[in-house]
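Shown next, in C-alpha cells, is the structure this report addresses.
Please read these numbers as outputs of a predicted model, since none were measured by experiment. All ligand and atom numbering here is 1-based and tracks the order in the structure.
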Amino acid sequence: MSKNKSSESVKVVVRCRPLNHKEESNGPAGGIVQMDIRLGQVILRNPRAPASEPQKTFTFDAVYDANSKQRDLYDESVRPLIDSVLAGFNGTIFAYGQTGTGKTYTMQGAWMDPEKRGVIPNAFDHIFTHISRSQSDKQYLVRASYLEIYLEEVRDLLDPKHGNARALELRESPESGVYVRDLTSCVCKSIKEIEEVMNMGNQARAVGATDMNEHSSRSHALFLITVECSQPGPDGRKHIRVGRLNLVDLAGSERQAKTGVQGERLKEAAKINLSLSALGNVISALADGRSSHVPYRDSKLTRLLQDSLGGNAKTVMVATLGPSPQHYDETLTTLRYANRAKNIQNQPRVNEDPKDALLREFQREIARLRAQLNHRKWRSKQKKEQVDGEGWERDGDEDTEAEEEEEEEEVVEKEVEEYVKLEEQRLEMEKEAIRGDQFMLAEEKQRLLGEKERMMGDLRKEQEATEQLTAKYKAMESKLLVGGKNIIDHTNEQQKMLEMKRHEIAEQSRSEREIQQQMLMQDEETLELRETFTSLQQEVEAKTKKLKKLYAKLQCIKAEIQDVNDEHVRSRQELEQTQNELTRELKFKYLIIENFIPPEEKNKIMNRLTFDPEEDQWKFQPLVPAESKSSQMKKRPTSAVGYKRPISQYARVAIAMGAHSRYRAENIMFLELDMTPPNTASLDRPAEAEPNQSHSLDNSPTKDRGVRKSRSWCQTPKSMASSSSNASLAACHTATPMAAQ
Ligand code: ADP
Ligand code: MG
C-alpha cells in the first residue's frame with residue numbers, strides 16, 4: 001500500500017456508541033450499525049430500504065462497538081502513536097462525527113472514572129510514565145497548549161482574557177510547519193499539572209458559551225502537547241528530538257441545513273461547514289492522489305492540520321457513529337468520509353535537533369545560572385580560606401564527572417555556609433571586644449562598631465543574593481524532567497507496564513491472526529478460480545455462483561453510485577440555498593450603499609480597501625502612507641499658493657477689479673480702526689443750534705442720546721455711555737447759559 005519506504009497511511013478506526021435512553025424508548029427498531037470486530041468491518045443497514053437491498057460494508061483498521069472499553073481503543077489504536085511522539089515524530093488524533101456520537105467521550109471521557117478516561121488523560125499518563133521509566137541520561141521538557149477554532153477564528157483557551165482576547169494568527173515556518181503566533185504554552189512537570197492546564201482550557205470554553213453543548217458542537221478544540229527529549233548521541237553531544245501531539249475534537253459534522261437555521265446562525269453554520277467541507281476537500285484531494293493542488297489554505301482547521309494530512313505526521317482518525325436509524329444519512333456520510341481518509345499517505349520523520357527547541361534554551365540558561373552560582377561559592381570559599389590562613393587549591397582535573405561535581409558542589413555549599421556562620425560569630429565577638437575595651441575612646445568605639453555592622457550587612461546581602469540565584473536555578477532545573485526519577489511510584493508502575501506490554505503482545509498476535517484469516521479467505525477465492533472442473537455441469541454451477549456474486553457486487557456499486565449522486569445533488573442544493581441567502585443580503589447592502597452613501601465617499605472607501613488573504617478579511621489602507629506623511633502635510637494645494645485658503649480664478653479676477661467683498665477669501669471683515677466721524681461733530685451741533693431748538697433738547701435728552709448711541713457702533717459700550725452722557729452734559733451746560741441769556 002505504501003508508496004515509498006517512509007510513507008504510511010492514515011489509520012482510521014470507527015467507534016459506535018450504545019443506544020441512549022431516548023433512542024431505546026423510541027421503538028424496538030434497534031441499531032442500524034453492526035460491527036465485525038475480528039475483520040474490522042462496519043455493516044450499515046438502511047432502515048428505509050426493502051430487506052432485499054444489500055447492506056453496505058466498510059472495512060477499517062479497527063472498529064469498536066457499543067461494548068468497547070476506552071482502554072481497548074487506547075491500547076490498540078492510540079498507544080503506538082504516542083510512543084512515536086515520544087520518539088520524536090509528530091502525531092495527530094482527531095475525532096470526527098455527528099454531534100452526540102461520542103467524540104468528546106472518546107477524546108476526554110469521564111475523568112473521575114478510571115475506566116471511562118478518554119484518549120487525552122490516558123495519553124498524559126502514558127507520557128509521564130514513559131519519562132519516569134526512561135534512562136537517567138535523558139532530559140525531557142513537556143509543554144501544553146489549548147486552542148479552539150470558532151467561526152474561523154483561532155482563540156487561545158489558556159489566555160486569562162480568553163473572552164475578550166483577539167483572534168490569533170497562523171504563521172508558517174520551514175522548521176515547525178504551520179503554527180499559531182503568540183499561543184500560550186505551559187511547561188508541565190507532572191500529570192497533575194497538565195490536567196490542570198486541560199481543566200483551565202475547558203473552563204474557558206464553557207465560559208465562552210452560554211450553552212456548552214451547543215458551543216462544543218460548533219467549535220473545533222485542539223489540545224497540543226510538545227515533548228522535547230535530549231539524549232547524548234554516539235558522537236558524545238546532546239541531541240534533541242521534538243515530538244508534537246495534536247489531540248483534536250472536531251465540531252459536529254451534521255448538515256446545518258437540517259437544523260433549519262437562518263440569518264446569523266446560517267452564516268455561522270456556513271463557517272463551520274467551511275472548515276469541515278475544506279477538511280473533506282483536503283481528504284478527497286489527498287485520497288485521490290491525482291490532484292496536484294490540495295486546498296489546505298481554504299480554512300484555519302485544514303491549515304493547522306496540514307502536517308497531519310499528507311505531511312510529516314502519523315495520524316489516527318476516530319470516526320464516531322450513532323446507532324439510531326433516524327441518523328442513517330449522517331452515519332453513511334461519516335463512514336464514506338472515513339473510508340476516503342484511509343487512502344491518505346503521510347511521510348512521518350523524526351524531528352531531530354530543530355532550531356526552535358525550547359529545551360536547548362533551558363539547558364543554556366541552567367548552565368549560565370550554574371556557572372554564576374559556582375563563581376559566587378568559589379569566591380566565598382576563597383575568602384574563607386584566606387581567613388583560615390590556608391592557600392586555596394582547586395583540583396586541576398578538568399574532566400570531573402558530573403556526579404563528582406555534584407558532590408563537590410555540596411561540599412562547597414556546606415563549607416560556604418560554615419564560613420558565613422563563623423564570620424558572623426567572629427564579627428559578633430569583635431563587636432563584644434570593642435564594647436568591652438575600656439581604653440578605647442567612645443568615638444573610636446562607635447566608628448569600629450559601625451564598620452563591623454556594615455561588614456555584617458554586606459555578608460547578609462551576599463548570602464541573600466546567593467540564595468536567590470540558587471532558587472532561580474532550582475526552579476529552572478525542576479522544569480526539566482530527568483528520566484529514571486520518581487514522578488510516579490516506580491515499582492508499581494513498572495509492574496503495570498509489564499502487564500500492559502503483555503496485553504500489547506496479545507493484541508498484536510490477535511491482529512496477525514486477523515490478517516491471516518483475511519489472506520486465507522482471499523486464497524480460497526482464487527483457488528476456486530484455478531480449480532480444474534471435472535465436469536461441464538460443475539463448471540456451469542461454479543460459474544453461475546461466481547456470476548451471482550459478481551452481480552450482487554455490481555448492484556452494490558450501482559446503488560453506491562446512486563447514493564453518491566444523490567448526496568452530491570443534496571449538497572449542491574444546500575450550497576445554492578446558502579448562496580441565495582447571501583446574495584439577498586448582498587443586494588440589501590447594495591441598496592443601502594446606493595441610496596445613502598454619496599458616490600464619491602463610496603469611491604474613496606473602495607480605493608482604500610485591500611483584501612488580506614492571510615486573515616481572510618478586507619482591510620483599510622492608512623489614509624496617508626506613513627513614510628510620506630510629513631512631506632504631504634507641508635505641501636499646500638496649488639490653488640492656495642499665496643493665499644490663506646484655496647481661491648477660484650473668478651474670485652481672483654473679481655478681487656483684482658476691486659469688486660464686491662464676497663469674492664475676498666480673507667479679511668472680509670475689516671479689523672482696522674473705524675473711520676466714522678468723531679461724535680464731537682454732532683455734539684457741537686446743539687451748541688450752534690437755535691435757542692428754540694435747545695428747549696426741545698432739554699425736554700428729550702434720552703431720545704437724543706439713543707440716536708447718537710446707534711451711530712457710534714465701533715466704540716466700547718462703556719466709553720459710549722460716558723461720551724454720550726458727557727455729550728448730554730455738555731449740551732446742558734452750553735444750553736443753560738444760552739437759555740439764561
Ligand atoms: P459529541 O462530543 O460527539 O457531541 P459526546 O461525547 O458529548 O458527543 O457524547 C454524547 C453522549 O453519549 C454523552 O452523554 C456520552 O457520555 C455518551 N457516549 C458517547 N459515546 C459513548 C460510549 N462509547 N459509551 C457510553 N456512552 C457514550
Ligand atoms: Mg463534543
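Counting the atoms of ligand 1 from 1 in the order shown, those under 4.0 Å from a heavy atom of Gln98 are 3 (O). Each of the following atoms of ligand 1 lies closer than 4.0 Å to a heavy atom of Thr101: 3 (O), 8 (O).
The neighbour count for Glu576 CD, taken as heavy atoms of other residues, nucleotides or ligands under 6.0 Å away, is above 12. More than 12 non-hydrogen atoms from other residues, nucleotides or ligands lie less than 6.0 angstrom from NZ of Lys56.
The shortest N or O to N or O distance between Thr320 and ligand 1 is not under 3.5 Å. Residue-to-ligand polar distances keep Thr99 apart from ligand 1: every N/O pair is separated by 3.5 Å or more. For the pair Lys103 and ligand 1, the shortest N or O to N or O distance falls below 3.5 Å. Among the atoms of Gly102, some N or O lies under 3.5 angstrom from an N or O of ligand 1.
The nearest N, O or S atom of Tyr105 is not closer to the Mg ion (ligand 2) than 2.8 Å.
The side-chain hydrogen bond (donor to acceptor under 3.5 Å, both in side chains) with Thr320 is formed by just one residue from the set Thr99, Thr101, Thr334; it is Thr101.
Between Trp111 and Phe124, the ring planes are tilted. Angles from 30° to 60° get that label.
Ligand 1 lies less than 4.0 angstrom from a heavy atom belonging to Pro18. Between Gln108 and ligand 1 there is no heavy-atom distance shorter than 4.0 Å. The shortest separation from a heavy atom of Gly100 to ligand 1 is under 4.0 Å, placing the residue in contact.
Side chain to side chain, Ser284 and Arg340 meet the donor-acceptor criterion of an N or O pair below 3.5 Å. Side-chain contact check for Glu148 and Ser219: at least one donor-acceptor pair (N or O, by modelled atom type) lies under 3.5 Å. Counted by atom type alone, Asn346 and Thr315 present one or more donor-acceptor pairs between their side chains at under 3.5 Å. Side-chain N/O atoms of Arg71 and Asn122 include a donor and acceptor closer than 3.5 Å.
Counting heavy atoms under 4.0 Å from ligand 1, residue Arg15 touches it through the side chain alone.
Heavy-atom proximity to atom 2 (O) of ligand 1, evaluated over Leu321, Asp249, Thr104, is greatest for Thr104.
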